[in-house]
**Q** 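Dropping a structure here in structure tokens format, bear with me for questions.
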Amino acid sequence: CSQPEYFPDTRKLLNSTHLLNLEIFSEQILNELNELQDHFVLVLDDYHVVHTPEIHKFINSLLKFPPKNFQLVISCRRDPPLNIRHFILYDRLLFLRGADLAFDQAEINQLIRSMENKTFDFDQIQEFHDWTEGWILGIKLFLESSRDAAFGSLRDQSDTLSQNLHYLVEHVIQNFTSEDQELLSVTSCCNRFNESLLTYLFRNLGCHRSSSEFLQNLQEQNLFIVPLDDAEEWYRFHHLFQDILRKRWFQTNDERAVETIELISRWFAERQEVEECIEHLVAANKIDSCVSIISQYRFREYNKGQWWKVVGWLNKMPRHLLDSNTDLMLAQLWSLGYTWDRAMANQLLTSLAPIIKKSSDPLKQAEFLFHQSFNELFTNSNPALAYELGNESKRIFSEDNILDARREMVLAMSQQMAGKEQEGLQALINLESTFDSAHVMHLIAKNTRIFLLLLSGDFIRAYEVAQRFVFIARETSPSSEAWS
């Protein structure tokens, strides 16, 4: 304290030439703190750099017998090694975590207005919030680095911030070992990570560091790490920190970075987390591998009725591949069968016809013929040709999956439209009795039967079948949830 009238005896101890005894010093300063009449706040900044046990012991003494009118504020990157359970128990401790300090949209707007003579619309403020996650320093660095530039898309102007953030990241990680710096780069390639994923990566990259210890160190350092669940199993880095680390590694060791991302994709693929697998493959520009993954897993999602997941995968693919790759074109036809964009479906069928004609793959041939039959029935209203194409598809390939189920739907509805309603209904009843109630073949057959009964005006039977269908879809298995 700069005021000479405060802590006179403590000052004498500090100025003494004798070796300072911690217990005597602690007792003395506590006594003088208790003599203060005014409310005061003791602020200890960057407490995470304190490693001396005697200092922790002194602060614990201060907390054990706190002076009156006293408030302690500790700023640190990780929880300090202090005895604070008593304060937590009696609700006398306030934690402010990174999420509490992050600015929301209104606060970002207020900060920008105080620093810039500019006006920003809601979408720009929202983009600011999403990009910086409310990180105050990131916002201020961007505003300072782009002060003279016109405000457009944040991502378009991200290079103006990269250099400042690069210096910041270098400063933050300079105390890490070279091995841990590389592992930080490895981890930055993950959009999210847990101990299991890091163990897999470290082992396959020839690193001998314990993933558990490394993850614990990240938590203790509070190194821009964000927990993604209450159990704190999954984590991610702050987006800006992750981007800088990843760019830094690609610039210094591109082959190693690409190898890491391929390993991450493989880990997610082995656990059938297809969307995240594709996201990482796209980041590594491994588009051919993406196509293989989509081809491998799309029928799994179709069988569960979750065709929209495949649409999400397709949305990550470049346009030229969507317009030329057979598997991706067939995958698009599936989604168009649910969204009823018949003009686009016609275009794809026309483009695919000469490709399929040269194909020797029976599944692709059968799938294409099914989509043709679907198109003839619902677009061209030609039930006879739809029935013929459907049966030809069935002759080429049959595997009791979603292709077979949708094909039986088209065949039954073609018969109904051709005046052979009873034959179509009986074929569906036979199909239902062949498969377990949770099977996709049973579900689609029952669903189609409801539709045919409605078209024929038999509303009572349609209602009875619909009740049974809803019960099955809700109760039998998680894989049938999408049908409810």
**Q** Could you go through N34 and F70, starting from their C-alpha distance and side-chain angles, then the distance that decides it, and tell me whether this counts as side-chain contact (heavy atoms from CB on, under 4.5 Å)?
**A** CA-CA 9 Å; N34 273 307; F70 166 73; over 6 Å; no
**Q** Could you grab the distance from atom CD1 of I293 to atom CD of Q272, nearest 0.5 Å is fine?
**A**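 These two atoms lie 10.5 Å from each other.
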**Q** Verify the neighbour count for atom NE2 of H39: are there more than 12 heavy atoms of other residues, nucleotides or ligands below 6.0 Å?
**A** yes
**Q** Test your reading of the model: is there a side-chain donor-acceptor pair from N253 to the backbone of W249, 3.5 Å cut-off?
**A**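 No, the answer is negative, given that no donor and acceptor are paired below the 3.5 Å cut-off.
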**Q** Side chains of L403 and Y302: does their closest heavy-atom pair fall under 4.5 Å?
**A** no
**Q** Closest heavy-atom contact between A284 and I261?
**A**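 It is CB-CG2, 3.5 Å.
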**Q** Could you go through the side-chain contact (heavy atoms from CB on, under 4.5 Å) check for L322 and Q332 one step at a time?
**A** CA-CA 8 Å; L322 292 173; Q332 290 175 82; 3.7 Å; yes
**Q** Donor-acceptor pair, R298 side chain versus L328 backbone, under 3.5 Å?
**A** no
**Q** Which pair of non-hydrogen atoms, one from F250 and one from D254, has the smallest distance, and what is that distance?
**A**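 Nearest heavy atoms, F250 then D254: CD2-OD1, 3.1 Å.
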**Q** Can you find a pair of side-chain heavy atoms, one from L443 and one from F469, that are under 4.5 Å apart?
**A**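 Touching, per the 4.5 Å side-chain cut-off.
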**Q** With ring centroids as reference points, do W334 and F370 lie under 6.0 angstrom apart?
**A**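 Between W334 and F370, the centre distance is under 6.0 Å.
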**Q** Closest heavy-atom contact between C290 and L281?
**A**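 For C290 and L281, the tightest heavy-atom pair comes out as SG-CB, 3.4 Å.
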**Q** Does any non-hydrogen side-chain atom of I225 lie less than 4.5 Å from one of L215?
**A** yes
**Q** Rounded to the nearest 0.5 Å, how far apart are CZ of F58 and CG of L30?
**A** 6.0 Å
**Q** Measure from the side-chain N and O atoms of N194 to the backbone N and O of E233, and report whether any donor-acceptor pair falls under 3.5 Å.
**A**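 Answer holds: no.
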**Q** Are W307 and Y338 an aromatic pair by the rule of ring centers under 6.0 Å?
**A**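 Yes, they do, as the ring centres are separated by less than 6.0 Å.
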**Q** For the residue pair H280 and F268, categorise the inter-ring angle as parallel (less than 30°), tilted (30 to 60°) or perpendicular (more than 60°).
**A** parallel
**Q** Side chains of Y463 and Q467: is there a donor and an acceptor less than 3.5 Å apart?
**A**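 Result is yes, a qualifying pair exists.
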**Q** Output the distance between atom CD (E262) and atom OG1 (T260), rounded to the nearest 0.5 Å.
**A** 9.5 Å
**Q** Please determine which of L62, V73, L33 meets the side-chain contact (heavy atoms from CB on, under 4.5 Å) test together with L42.
**A**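 It is L62; the other options fail the test.
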**Q** For N303 and F299, indicate whether the former's side chain and the latter's backbone hold a donor-acceptor pair under 3.5 Å.
**A**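 Such a contact is found between N303 side chain and F299 backbone.
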**Q** Is there a side-chain contact between L205 and R256 (heavy atoms, below 4.5 Å)?
**A** yes
**Q** What distance separates Q216 CD from S211 OG, expressed to the nearest 0.5 Å?
**A**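 Going from CD on Q216 over to OG on S211, the span is 11.5 Å.
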**Q** Keeping the roles fixed (side chain from T177, backbone from D180), state whether a donor-acceptor pair exists under 3.5 Å.
**A** yes
**Q** Tabulate below the donor-acceptor pairs under 3.5 Å that side-chain atoms of residues 309-317 make, not counting sequence neighbours, or state none.
**A**
{"from": "K309", "atom 1": "NZ", "to": "Q306", "atom 2": "OE1", "distance (Å)": "3.3"}
{"from": "W313", "atom 1": "NE1", "to": "K309", "atom 2": "O", "distance (Å)": "3.4"}
{"from": "N315", "atom 1": "ND2", "to": "V311", "atom 2": "O", "distance (Å)": "3.3"}

**Q** Testing the basics here: between E195 and S212, what is the closest heavy-atom pair and its distance to 0.1 Å?
**A** OE2-CB, 3.5 Å
**Q** So that I know where these two stand, are F193 and W234 an aromatic pair - ring centroids less than 6.0 Å apart?
**A**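 When the ring centroids of F193 and W234 are compared, they turn out to be at least 6.0 Å apart.
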**Q** Side chains of F202 and S210: does their closest heavy-atom pair fall under 4.5 Å?
**A** no
**Q** I'd like to know if the side chain of N60 and the backbone of N83 have a donor-acceptor N/O pair within less than 3.5 Å.
**A** yes
**Q** Is there a side-chain contact between D436 and H442 in this structure, where contact means two heavy atoms from C-beta onward sitting under 4.5 Å apart?
**A** no
**Q** In terms of side-chain geometry, is the basic nitrogen of R266 or E270 positioned less than 4.0 Å from the acidic oxygen of its partner?
**A** no
**Q** Assess whether side-chain contact (heavy atoms from CB on, under 4.5 Å) is satisfied between L348 and L336, documenting all intermediate values.
**A** CA-CA 10 Å; L348 279 171; L336 296 172; 3.5 Å; yes
**Q** Quick one: do E367 and K364 make a salt bridge, cutoff under 4.0 Å?
**A**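 Not counted as a salt bridge, because no side-chain N and carboxylate O are separated by less than 4.0 Å.
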**Q** Specify the closest pair of heavy atoms between N204 and Y200, including all atoms of both residues, with the distance to one decimal.
**A**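 Scanning both residues completely, I find the closest heavy atoms to be ND2-O, 2.7 Å.
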**Q** Quick one: pull up CG in L245 and NE2 in H238 and give me the separation to the nearest 0.5 Å.
**A** 12.5 Å
**Q** For R468 and E464, indicate whether the former's side chain and the latter's backbone hold a donor-acceptor pair under 3.5 Å.
**A**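 Here the side-chain-to-backbone pair does not exist.
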**Q** Do the side chains of S75 and V43 get nearer than 4.5 Å, heavy atoms only?
**A** no
**Q** Below 4.5 Å, heavy atoms only, C-beta onward: do C190 and L197 meet side chain to side chain?
**A**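 Result yes, sub-4.5 Å side-chain heavy-atom pair found.
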**Q** Quick check: closest heavy atoms across W267 and S196, and the distance to 0.1 Å?
**A** CZ2-OG, 3.6 Å
**Q** side-chain contact (heavy atoms from CB on, under 4.5 Å) for I444 and I402? Distances and angles first, verdict last.
**A** CA-CA 9 Å; I444 288 187; I402 185 69; 3.3 Å; yes
**Q** Just checking Y47 against H56, ring centres under 6.0 Å apart?
**A**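 Yes, the ring of Y47 comes within the 6.0 Å limit of the ring of H56, centre to centre.
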**Q** Can you tell me if CZ on F451 sees more than 12 non-hydrogen neighbours from other groups inside 6.0 Å?
**A**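 Counting other residues, nucleotides and ligands, CZ of F451 stays at 12 neighbours or fewer.
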**Q** Find the distance between NZ (K57) and NZ (K64) and round it off to the nearest 0.5 Å.
**A**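 Rounded to the nearest 0.5 Å, the NZ-NZ separation comes to 10.5 Å.
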**Q** Passes salt bridge (Lys or Arg N to Asp or Glu O under 4.0 Å), D323 versus R319? Steps please.
**A** CA-CA 6 Å; D323 293 336; R319 186 72 253 172; 3.0 Å; yes
**Q** Examine distances only and state if a side-chain atom of E213 and a backbone atom of R209 form a donor-acceptor pair shorter than 3.5 Å.
**A**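 Such a contact is absent between E213 side chain and R209 backbone.
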**Q** For Y235, does its backbone N or O pair with a side-chain atom of R192 as donor and acceptor, under 3.5 Å?
**A** no
